[in-house]
Q: 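What follows is a single structure, and I will ask about it in a moment.
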Amino acid sequence: MPEAGKTRVLMVAEKPSLAESLSKLLAPGGHYETHRRTTPVHEWTGPFRSDPDAKFRFTSVTGHVYTMDFTSEYNSWAIEPQLLFSGNVRKMESNPKMKLTQHLANEAKNVDVLILWLDCDREGENICFEVIGNCKPFMNKPAQILRAKFSAITAEEVRRAMHNLGTPNENEAKAVDARQELDLKVGVAFTRFQTRFFQGKYGNLDSTVISYGPCQTPTLSFCVERHDRIQSFQPEPFWAIAATIQKDNQPVPLAWDRERIFDRQVAHLFLNSIESKNATVLSVETKKKSRQRPHALNTVELLKHCSSGLGISPSESMSIAERLYTQGYISYPRTETSRYPESFDLKSVLQEQSKQANWGQYCDELLQNGFQRPTGGTDVGDHPPITPMRVADEGELYGDTWRIYDFIARTFIGSISSNLQYASTTAKIAIGDERFECKGSQTVAPGFSAVMHWLKTPDEPIPEFTKGETLPIVSLTLREGKTSPPDYLTEAELIGLMEQNGIGTDASIPTHINNICQRNYVNVNGGARRLVPTNLGIVLIHGYQKIDPELSLPTMRSDMEQQLNLIASGKAPQKEVLQYFLDMFESKFAYFVKHVESMDELFEATFSTLAASGKPLSKCGKCKRYMKYIALKPNRLHCPTCDETYSLPMNGNIKLYRELRCPLDDFELVLYSTGSKGTGFPICPYCYNHPPFEDIKKGMGCNHCLHPTCAHSMVRNAICPCPESEQEVDPCQGRLILDATSAPRWKLSCNECNIVSTFLDTIKHVNIVKDEICEDCGTVILKAEFRENQNKQPVIGCVMCDEEMEALLATRFARKSVRRKHHGKRRRRKWVDPKVRKLYADMR
DNA sequence: GCAAGGTC
């Protein structure tokens, strides 16, 4: 038995917010002390088992500590994708900068008991073992490791969990490990193969990668399936009797009971059978009906409304919701739960909202007249439904942030309002032997729709008919119509389909949708946000359907999950299930590779080859003929004569650079620029793909080149290390380059980070003064010449130390800190890379 | 340049 006050307990939650709310519920009187560390640590003293004064510490991780990846040798695109299925994988820290593993180790020191409060789902169970791995080695021996199982964040539930501590379930964690490895291997193998195969052949695919994934591909498949239905739709003509009668001197259109007939002659028969010149009211009935108030809001419902009602994309909606959450306006926004626990304090949420200018009065009335508990919905036990926590007024939040807050607050208030009540009136009317009806409705009590205005139903008044009355017919005709095709899927419908088919989770659905948009497989059209697949999206899905339909089937994900359940429930060993799937997907992959021609036939019919794409731009150094620039993603130059492709950087402009040639390979230089405020530099297409010097990586422009004499090299244009090299955290390793490419607007820009400063537009020319280096800081001396109309003498000096020179830059570099540190004395600076210094010195 | 899952 431990001595009183000796037991040390560490508890860990999945995110900081839960560590805090659980601490509030667990610490005696809700009193604890918080220490701000990597993630906050809450501490208190309280009873634990036989120790009345145990020392508690509650901290958290931020989701998964690790992410799975291949070992470095498999991370090269040069490796045969087939080999990835048996490739080595490892777990790497998800966010190494955060140093979470160190944090866990620190907090676990001298701890006797570790209690895991991770989310109670499979991923949470997996994170348990990530936490254990980091804590156990530092804990007192023997280490006690316990798992809290909770299904709601309420006082009783949390207390109950604390008294029923169990052990973490390793099988569930192993099922997740298997899923991670499968997703990685299958996704990466197919993606690399497809990308290389199709990008190597076609010039107008307009996508950086031709990706495949067990969630993104079925997501795309839903959109293509709807497209196919629209394409194959055959409109059918139909006919209907259109009758209008007269009541109270007003024409009243009626609806035919048979609705429509697909045979013209039969429809005519019905029309001709009517001999009566009048209509007779057979019955009039008014029924009281009600529409139920909405249940509490979960993530998927939020995303659906944001898309269809507010026109905001799921990923944008989630990032706004997260911001609202971290600022305290709403509760945790990722939840499947749509039902409040019994103990949830609805009243204080309502009281808070009663301070609001737009709907506060409505809340007051609810408080006075009594509000309802929401009905329906399910409590999955993850987090409470999305709830407004802090009142906000319009103007305090802006634009879409306000619109989403407005929706969340109104939905909460609506969910505890009374139901909408309305009266529905139906008059049944006979014309000859045919039956018609006239329907109307009227709101009796608006209920929730008073605050959820978008759910208001407009009144549809109809005249007051009396049973048995006879009314004149205004017109009686046969109306011809055509059936119309379905429309493209709305984003909200797609979210619904993904949820139903178990593709993605509430947290990942926005990412998958975003993915298929970014990769240019679908476009989002119009305010209704309908998803229209592109040619690329269509040929991909049709290709899978030709080769192996299972690859894009929406059931694929859930089938796999079912097998993984066997691991989770301990019915099958992880190794066997994983190997079974790896073998299966490896053979599916081999089959796909062997039959990729079937998919390629579709590509051939839709896209143009590399040789037929692009516009002539720069000349090839080998054959001296024009290469063609492909401006679509991925940007590249293709030499049709040599049949070589040279990739180029994206997200910027590419132009020919004054027909200058690289002295190393004779390729014509191109100029890359990212707008007037961004960086720009020349690129030799050949060097960019085949680095000419050992120390230079692939994908670098002339602003990294070590060529000692070429006028465009880094060696000739670098003036000093990047000012950001003085940052304590993550110092920039780059160099400040004098950039002449945007002349007459001269710039200094870093060749690694995004630091750029422009010379004033009164400056006509800037050049490096040969053989001169600032004595104080080692920076190369520049000479800046003014435009003629300025009538000023050129300025010669150091951009870092000389006030006069500094003043010529639109934004000065942060040198003040250096001056302050050294009490006005300038610090001596050295080149970051002595090799460059030597080259530079040699050159002079 | 790759997947999907957590979360910030």
Side-chain angles (χ1 to χ4, degrees), chain A residues 13-19 38-40 60-70 74-79 81 84 87 89 91 93-95 97-98 100 118-119 121-128 130-131 173 175-196 198-200 205 207-219 299 318-319 321-327 332-335 382-383 498 502-516 518-519 557 560-561 564 585 633-636 647-651 698-699:
Chain A
E14 195 158 315
K15 44 193 155 288
S17 65
L18 261 189
T38 304
T39 56
S60 66
V61 290
T62 48
H64 276 287
V65 180
Y66 297 103
T67 174
M68 193 174 273
D69 200 2
F70 287 106
Y74 292 95
N75 259 338
S76 150
W77 279 64
I79 202 155
L84 294 172
V89 293
K91 290 223 178 183
E93 261 186 89
S94 304
N95 192 349
K97 279 186 194 164
M98 221 182 150
L100 250 170
L118 291 125
D119 289 3
D121 53 27
R122 208 178 269 178
E123 298 295 331
E125 220 58 30
N126 187 271
I127 304 174
C128 279
E130 299 183 337
V131 172
V176 171
D177 282 336
R179 201 249 325 132
Q180 288 178 349
E181 189 169 338
L182 272 167
D183 285 348
L184 175 71
K185 291 185 166 177
V186 175
V188 175
F190 275 90
T191 299
R192 284 191 196 163
F193 171 72
Q194 291 182 162
T195 303
R196 279 209 307 207
F198 294 113
Q199 264 180 8
L205 298 183
S207 183
T208 46
V209 279
I210 313 300
S211 58
Y212 174 86
C215 285
Q216 56 173 274
T217 302
T219 303
T299 309
M318 270 329 276
S319 83
E322 268 156 25
R323 216 162 43 238
L324 283 170
Y325 159 69
T326 49
Q327 291 171 357
Y332 192 68
R334 275 189 289 264
T335 179
D382 47 357
H383 303 275
M498 293 175 76
I503 292 167
T505 65
D506 52 359
S508 69
I509 282 174
T511 319
H512 299 313
I513 297 180
N514 207 31
N515 256 340
I516 62 171
Q518 296 269 303
R519 303 272 156 77
R557 187 68 175 173
M560 193 175 106
E561 294 277 356
L564 293 174
F585 276 108
K633 277 187 277 181
N635 290 171
R636 55 214 146 134
S647 60
L648 292 171
M650 277 182 283
N651 307 319
K698 216 171 155 175

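Not measured: the values here are computed from a predicted model.
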Q: At less than 4.0 Å, is any side-chain N or O atom of A:R557 found next to OP1 or OP2 of B:dG5? Yes or no.
A: yes
Q: Give one of base, sugar-phosphate or nothing for A:Q180, where a contact means two heavy atoms less than 4.0 Å apart.
A: base
Q: Taking A:T326 for its side chain and A:R323 for its backbone only, find out whether a donor-acceptor pair lies under 3.5 Å.
A: yes
Q: For A:P16, report the nucleic acid contact type (base, sugar-phosphate, nothing); a contact means any heavy atom under 4.0 Å.
A: sugar-phosphate
Q: Base, sugar-phosphate or nothing for A:E322? Non-hydrogen atoms, less than 4.0 Å.
A: sugar-phosphate
Q: Would you mind reading off the distance between A:N126 atom CG and B:dG5 atom C1', rounded to a whole angstrom?
A: 9 Å
Q: Mind calculating the distance between CZ (A:F585) and C1' (B:dA3) to the nearest angstrom?
A: 12 Å
Q: Does A:R192 make a side-chain N or O approach to OP1 or OP2 of B:dG1 shorter than 4.0 Å?
A: no
Q: Please pick, from B:dC8, B:dA3, B:dG1, the nucleotide with the shortest atom-to-atom distance to any side-chain atom of A:T195.
A: B:dG1
Q: Donor-acceptor pair, A:S94 side chain versus A:H64 backbone, under 3.5 Å?
A: yes
Q: Where each residue is assigned the nucleotide of DNA chain B containing its nearest heavy atom, which of A:E561 and A:W77 is assigned the position nearer the 5′ end?
A: A:W77
Q: Please determine, for the side chain of A:D119, which listed nucleotide (B:dT7, B:dC2, B:dC8) has the closest atom?
A: B:dT7
Q: Counting side-chain heavy atoms from CB outward, which of B:dC8, B:dA3, B:dA4 is closest to A:R179?
A: B:dA4
Q: Would you indicate, yes or no, if B:dG5 has its OP1 or OP2 atom less than 4.0 angstrom from a side-chain nitrogen or oxygen of A:S508?
A: yes
Q: Looking at B:dT7, I'd like to know if its phosphate oxygens (OP1 or OP2) sit under 4.0 Å from a side-chain N or O belonging to A:Y332.
A: yes
Q: Is any side-chain nitrogen or oxygen of A:Q199 closer than 4.0 Å to OP1 or OP2 of B:dG1?
A: no
Q: Specify the separation, in whole Å, of atom CZ of A:F198 and atom C1' of B:dG1.
A: 17 Å
Q: Using whole Å, what does the distance between atom P of nucleotide B:dG6 and atom CZ of A:R334 come to?
A: 9 Å
Q: With a non-hydrogen cut-off below 4.0 angstrom, is A:T511 in contact with a base, only sugar-phosphate, or nothing?
A: nothing
Q: Between atom CE in A:M650 and atom C1' in B:dG1, what is the gap in whole Å?
A: 7 Å
Q: Between B:dC8, B:dG6, B:dA4, which nucleotide has the shortest distance from any of its atoms to the side chain of A:T67?
A: B:dA4
Q: Between A:R179 and A:E561, is there a salt bridge with N-O shorter than 4.0 Å?
A: no
Q: First locate atom CD of A:Q518, then atom OG1 of A:T208, and finally report the distance between them rounded to the nearest 0.5 Å.
A: 8.5 Å
Q: Rounding to a whole Å, what distance do you find between A:N635:CG and B:dG1:P?
A: 13 Å
Q: Hey, is A:Y212 stacking on B:dA3? Ring centres under 5.5 Å, planes under 30°.
A: no
Q: Please examine the side chains of A:V65 and A:K91, heavy atoms only from C-beta on, and report whether any two atoms are closer than 4.5 Å.
A: no
Q: Could you state the atom-to-atom distance from CD of A:E14 to P of B:dG5 in whole Å?
A: 14 Å
Q: What integer distance in Å separates A:H64:NE2 from B:dA3:P?
A: 17 Å
Q: OP1 or OP2 of B:dA3 less than 4.0 angstrom from a side-chain nitrogen or oxygen of A:H512, does that happen here?
A: no
Q: Taking only side-chain nitrogens and oxygens of A:T62, does any of them come within less than 4.0 Å of OP1 or OP2 of B:dG6?
A: no
Q: Looking across every strand, which nucleic acid part, if any, lies under 4.0 Å from A:R519 by heavy atom: base, sugar-phosphate, or nothing?
A: sugar-phosphate
Q: How would you label the contact of A:G504 with the nucleic acid (heavy atoms, under 4.0 Å): base, sugar-phosphate, or nothing?
A: sugar-phosphate
Q: Run the salt bridge (Lys or Arg N to Asp or Glu O under 4.0 Å) test on A:R334 and A:D382 for me, step by step, so that the C-alpha distance in whole Å, both residues' side-chain angles and the decisive distance to 0.1 Å come before the verdict.
A: CA-CA 9 Å; A:R334 275 189 289 264; A:D382 47 357; over 6 Å; no
Q: I'd like to know if the side chain of A:S508 pairs up with that of A:T505 as donor and acceptor (distance under 3.5 Å, no hydrogens or angles considered).
A: yes
Q: Classify A:S647 by what it touches in the nucleic acid, base, sugar-phosphate, or nothing, heavy-atom distance under 4.0 Å.
A: nothing
